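Numbered from 1 within each chain, the chains take letters A, B, ... in sequence-line order. The structure presented is a predicted model; accordingly, all values stated were derived computationally and were not measured.
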Protein chains: 2
Amino acid sequence: MSVTSRALALLGAFDAGHASLTLRQLAQRADLPMATAHRLLGELVSWGALVRTASGSYEVGQRIWELGLLAPVPSGLRQLAAPFLQDVYKATAATVHFAVREETKALYLDRISGNDSIPVVSRVGGRLPLHTTGVGKVLLAYAPEDVQSYVLSHLTRMTRYSITDPRVLEEELRAVRRDGYAHTKEEMSLGACSLAVPVRNGCGEVIAALGLIVASLDPERTRLVAALEVAANGIRRSIGERHFTQ
Amino acid sequence: MSVTSRALALLGAFDAGHASLTLRQLAQRADLPMATAHRLLGELVSWGALVRTASGSYEVGQRIWELGLLAPVPSGLRQLAAPFLQDVYKATAATVHFAVREETKALYLDRISGNDSIPVVSRVGGRLPLHTTGVGKVLLAYAPEDVQSYVLSHLTRMTRYSITDPRVLEEELRAVRRDGYAHTKEEMSLGACSLAVPVRNGCGEVIAALGLIVASLDPERTRLVAALEVAANGIRRSIGERHFTQ
DNA sequence: TCCCGTCCTTCTACTGGATGGAACAAGCTT
DNA sequence: AAGCTTGTTCCATCCAGTAGAAGGACGGGA
């Protein structure tokens with residue numbers, strides 16, 4: 001167990017639900033003696049990886065934020081896609097999502113928040129299940145066999161409308177591949193429906209998904225899906241021959 | 001010189017101009033023997049702080065990106081302001097900037113790229129001088145005395161229109177405080193003009209700046225400034241009593 | 001085809017920095 | 001005021017990190 005791995009364990013103790021941690025919590029979560037954690041945290045703070053708040057707890061520092069913006073995958077694909085999310089937002093005024101699949105989860109690379117007040121649980125940099133969101137269903141529909149079978153056998157319930165029967169979901173995934181878009185009705189959070197389309201690279205592989213959140217699907221589903229498809233094609237052209245796999 | 005500080009030095013070797021580095025470069029920039037750098041980099045990669053590309057060079061990893069999104073200052077103020085940047089973008093279709101002052105630089109917290117093709121040099125997470133950008137001039141106009149005098153005596157030239165005479169700039173800063181907005185004319189990059197307004201917190205302190213880039217100032221300067229001011233006031237209301245200083 | 005330079009990786013004896021228990025200090029709560 | 005929780009400092013022990021050196025994997029030039 002190296003020093004470096006201990007310091008990284010401290011950084012790893014932070015996540016979406018734990019953005020602010022005390023020394024004790026950090027020591028526990030990283031499984032380190034408090035004295036050791038204390039010293040390492042001191043170094044991390046003095047470098048700027050963490051900051052100490054007035055109340056004494058630790059939070060992720062600005063320097064890590066800046067560093068993160070240099071990361072190639074989010075930075076590259078995300079920046080490429082950003083203007084097209086804008087377009088979708090302008091055309092629909094809905095909350096727009098851009099996500100990739102990471103293992104058996106949807107990783108949200110970007111989001112534009114609509115000015116309606118639909119409850120949205122996504123967070124940029126956060127992960128949500130593949131079977132309860134529009135972008136998730138798209139990513140799942142085009143995922144390798146083993147990922148699909150794993151997800152299909154682990155369908156957790158998020159709301160009373162979540163699909164938990166593998167056969168029902170399998171049928172939906174077929175529909176996604178047939179129709180070219182996915183939809184959800186309050187399967188992730190009550191009051192929120194979604195539409196999503198695949199984003200392909202130059203070779204035609206699905207590498208991401210583009211979706212939006214609305215209060216109800218039907219009044220203008222066709223127009224919304226069309227807006228998403230236009231943007232997805234735009235992203236595809238923009239990707240050109242560059243090799244974004246994943 | 002602790003192990004932790006060596007590992008952090010390796011992370012610190014990455015910046016906007018050096019997003020991809022080889023082992024040799026990293027060892028040089030972090031001032032470490034290659035063998036040591038190699039081992040530490042191995043640990044950083046296996047944790048996900050860095051990734052190794054097919055060509056063997058190192059880049060910042062996704063895990064750092066995710067971690068950075070938990071950082072309070074950018075995350076908090078930025079998320080708060082994001083919808084208002086959207087509003088400005090919708091009203092103007094120009095590139096919109098949101099920045100805070102950090103020491104003697106403007107730190108860009110967010111940006112929406114307009115669909116015009118004006119050359120923009122800013123980068124989210126990047127820093128630009130205070131005296132050659134709209135947001136910079138705003139931040140400088142309301143900065144403490146010592147910051148102002150430091151910047152005024154270090155006026156570097158970016159284009160042939162950059163202001164390098166302290167007395168000229170001082171006069172402009174007075175105008176900013178008087179008129180409530182700043183402007184630049186090709187002072188940072190040729191072909192780009194800018195407008196910017198201060199963003200205040202509940203106490204009336206200037207904590208950030210909101211600006212936009214246009215090809216020329218005059219046709220509708222009033223309307224553009226008005227759009228910025230509306231958004232800045234919206235952010236202020238949104239901040240409410242929360243204590244964003246800086 | 002061979003050589004040589006560059007860049008990366010692995011090995012290992014040595015040593016100096018990291019460890020964590022314990023004692024101390026500073027807040028809160030009862 | 002006593003007692004609890006949480007954070008900080010110290011220091012003897014010792015194990016993990018160090019970096020030199022040697023080995024490998026390319027790739028370009030003669």
Problem set entry | Most 5' of B/E43 and A/G56 on DNA chain D, judged by nearest nucleotide |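 Nearest nucleotide further toward 5': that of A/G56.
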To the nearest Å, give me how far apart [atom1] ([X]) and [atom2] ([N]) are.
X     : N      : atom1 : atom2 : answer
A/R6  : C/dA18 : CZ    : P     : 11 Å
A/L41 : D/dG7  : CG    : P     : 10 Å
A/M34 : D/dC10 : CE    : P     : 16 Å
B/L10 : D/dG17 : CG    : P     : 14 Å
A/L21 : D/dT6  : CG    : P     : 14 Å
B/H38 : D/dA25 : NE2   : P     : 14 Å
A/L32 : C/dA18 : CG    : P     : 14 Å

Problem set entry | Reference residue A/E187; test salt bridge (Lys or Arg N to Asp or Glu O under 4.0 Å); the match among A/R157, A/R160, A/K137 |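 The salt bridge (Lys or Arg N to Asp or Glu O under 4.0 Å) with A/E187 is passed solely by A/K137 among A/R157, A/R160, A/K137.
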Exercise. So, for B/F98 and B/R78, which heavy atoms are closest and what is the spacing to 0.1 Å?
Worked result: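 Looking at all heavy atoms of both residues, the closest pair is CE2-CA, 4.5 Å.
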Exercise. Side chains of A/S113 and A/R111: donor-acceptor distance under 3.5 Å anywhere?
Worked result: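 Result is yes, a qualifying pair exists.
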Problem set entry | side-chain contact (heavy atoms from CB on, under 4.5 Å) partners for B/T36, two or more places apart |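 With sequence neighbours excluded, B/T36 shows a side-chain contact (heavy atoms from CB on, under 4.5 Å) to B/P33, B/R39, B/L40, given in chain and number order.
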When you measure from the side chain of [X], which nucleotide among [options] comes out closest?
X     : options                : result
A/A35 : C/dT10, C/dG20, D/dT18 : C/dG20
A/Y58 : D/dT18, C/dG21, D/dT8  : D/dT8
B/L23 : C/dT9, D/dT8, C/dG20   : C/dT9

Exercise. When all nucleic acid strands are considered with a 4.0 Å heavy-atom cut-off, which category describes B/R39: base, sugar-phosphate, or nothing?
Worked result: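 Base: the residue B/R39, judged by heavy atoms under 4.0 Å, touches a nucleobase.
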Less than 4.0 angstrom between a side-chain N/O of [X] and OP1 or OP2 of [N], yes or no?
X     : N      : value
A/R24 : D/dC4  : no
B/R52 : C/dT9  : yes
B/S2  : C/dG17 : no

All N/O donor-acceptor pairs, side-chain side in residues 125-135 of chain A, below 3.5 Å, sequence neighbours left out:
{"unit_1": "A/R127", "atom_1": "NE", "unit_2": "A/E102", "atom_2": "OE1", "d": "3.0"}
{"unit_1": "A/R127", "atom_1": "NH1", "unit_2": "B/E66", "atom_2": "OE1", "d": "3.2"}
{"unit_1": "A/R127", "atom_1": "NH2", "unit_2": "A/E102", "atom_2": "OE1", "d": "2.5"}
{"unit_1": "A/R127", "atom_1": "NH2", "unit_2": "B/E66", "atom_2": "OE1", "d": "3.3"}
{"unit_1": "A/R127", "atom_1": "NH2", "unit_2": "B/E66", "atom_2": "OE2", "d": "2.9"}
{"unit_1": "A/H131", "atom_1": "NE2", "unit_2": "A/T156", "atom_2": "N", "d": "3.4"}
{"unit_1": "A/H131", "atom_1": "NE2", "unit_2": "A/T156", "atom_2": "O", "d": "2.7"}
{"unit_1": "A/T133", "atom_1": "OG1", "unit_2": "A/G136", "atom_2": "N", "d": "2.9"}

